[in-house]
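On a predicted model such as this, the values are computed, not experimentally measured, just so you know. Values below: all heavy atoms of this structure, side chains included; hydrogens, waters and symmetry mates excluded.
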Amino acid sequence: QVQLEESGGGLVQPGGSLRLSCVVSGRANTNSNDAMGWFRQSPTGEREFVASMRGSGSTYTYYSDDVKGRFTISSTRNMAYLQMNSLKPEDTAVYYCALCPRCIVSSMSRAQYYGYWGQGTQVTVSS
């Protein structure tokens with residue numbers, strides 16, 4: 001049974017940084033087309049795409065316009081990370097990591113194609 005678990009959330013002041021981690025367990029096989037993604041959901045909003053990465057290189061790496069240039073996604077076989085810099089109050093949300101097995105490129109920003117999700121970690125940006 002594939003499980004994902006996030007960590008690293010917390011309270012940070014505007015302009016600060018946080019690094020989220022996600023560990024993937026129970027995955028018997030991996031595929032070079034598997035994609036790891038980060039999504040977030042604020043109390044008043046829908047779950048929205050943040051970043052995704054397919055494979056070990058950076059050829060297929062995508063960011064939402066809101067976070068481009070501030071956030072960086074990275075991953076290994078069973079870990080995913082989201083480095084968040086220059087945080088803003090509007091980045092406040094629960095952040096989820098997710099796995100999209102054998103993900104096609106056009107699906108990498110779409111939550112419905114991610115079959116496995118973590119429980120989420122709260123990020124609060126406030127002074």
Side-chain angles (χ1 to χ4, degrees):
Q1 180 178 356
V2 177
Q3 293 183 320
L4 287 75
E5 183 174 2
E6 307 92 339
S7 62
L11 173 64
V12 63
Q13 293 186 344
S17 297
L18 280 176
R19 187 190 193 214
L20 304 184
S21 299
C22 173
V23 58
V24 183
S25 61
R27 187 165 57 161
N29 300 299
T30 61
N31 184 281
S32 60
N33 291 331
D34 292 348
M36 293 298 303
W38 289 93
F39 294 78
R40 67 186 181 185
Q41 186 167 14
S42 64
T44 58
E46 296 182 351
R47 190 168 296 189
E48 65 176 8
F49 168 74
V50 174
S52 62
M53 184 175 188
R54 193 180 82 169
S56 59
S58 60
T59 301
Y60 297 109
T61 304
Y62 300 102
Y63 298 94
S64 70
D65 290 341
D66 289 344
V67 308
K68 196 173 297 182
R70 300 188 296 122
F71 290 12
T72 303
I73 186 173
S74 59
S75 69
T76 63
R77 182 177 184 274
N78 286 317
M79 292 292 297
Y81 305 94
L82 186 68
Q83 178 66 44
M84 306 186 295
N85 299 328
S86 303
L87 283 161
K88 306 174 182 179
E90 50 264 44
D91 294 319
T92 295
V94 177
Y95 283 71
Y96 299 89
C97 71
L99 170 66
C100 175
R102 294 179 170 80
C103 209
I104 61 174
V105 172
S106 61
S107 300
M108 288 177 62
S109 64
R110 302 179 181 183
Q112 63 265 38
Y113 291 96
Y114 286 77
Y116 304 95
W117 292 82
Q119 293 300 307
T121 185
Q122 175 70 47
V123 172
T124 303
V125 185
S126 176
S127 55

Inset, instruction - Looking only at non-hydrogen atoms, find the nearest pair between Gly115 and Pro101 and report the distance. - result: N-CD, 4.4 Å
Inset, instruction - May I ask you to test the Asp91-Met84 pair for a side-chain heavy-atom distance under 4.5 Å? - result: no
Legend entry - Verify same cluster id: Met79, Leu20 (apolar side-chain graph, 4.5 Å): no
Legend entry - Same apolar cluster: Leu18 and Trp38, side chain cutoff 4.5 Å: yes
Legend entry - Check: Val12 and Ser17 side chains under 4.5 Å, non-hydrogen atoms: no
Legend entry - Validation row: Met36, Leu4 side chains within 4.5 angstrom (heavy atoms): yes
Legend entry - Heavy-atom closest contact (Ala93 atom, Ser42 atom, distance): CB-N, 3.9 Å
Inset, instruction - Kindly compute the distance separating CG (Leu82) from OG1 (Thr121), expressed to the nearest 0.5 Å. - result: 11.0 Å
Inset, instruction - Give, for atom CG of Asn31 and atom SG of Cys100, the distance between the pair rounded to the nearest 0.5 Å. - result: 10.5 Å
Inset, instruction - Can you measure from CD (Gln83) to OG (Ser74) and round to the nearest 0.5 angstrom? - result: 8.5 Å
Legend entry - Distance, nearest 0.5 Å, that separates CD of Glu5 from OG of Ser25: 8.0 Å
Legend entry - Any pair counted as side chain to side chain donor-acceptor pair (under 3.5 Å), so long as it reaches residues 92-119, sequence neighbours left out: Arg40-Tyr95
Legend entry - Test item: Glu6 side-chain N/O and Cys22 main-chain N/O as donor-acceptor pair under 3.5 Å: no
Legend entry - Check ion pair Lys68-Asp65 (N to O, under 4.0 angstrom): yes
Inset, instruction - Give me the one residue out of Tyr63, Phe39, Tyr62, Phe71 that meets ring pair (Phe, Tyr, Trp, His ring centres under 6.0 Å) with Phe49. - result: Phe39
Inset, instruction - Mind checking the OG1-CE spacing from Thr72 to Met53? Nearest 0.5 Å is all I need. - result: 10.0 Å
Inset, instruction - Flag the pair Leu99 / Arg27 as yes when at least one side-chain heavy-atom distance between them is below 4.5 Å, and no otherwise. - result: yes
Legend entry - Close side-chain approach of Cys103 and Asn33, heavy atoms under 4.5 Å: no
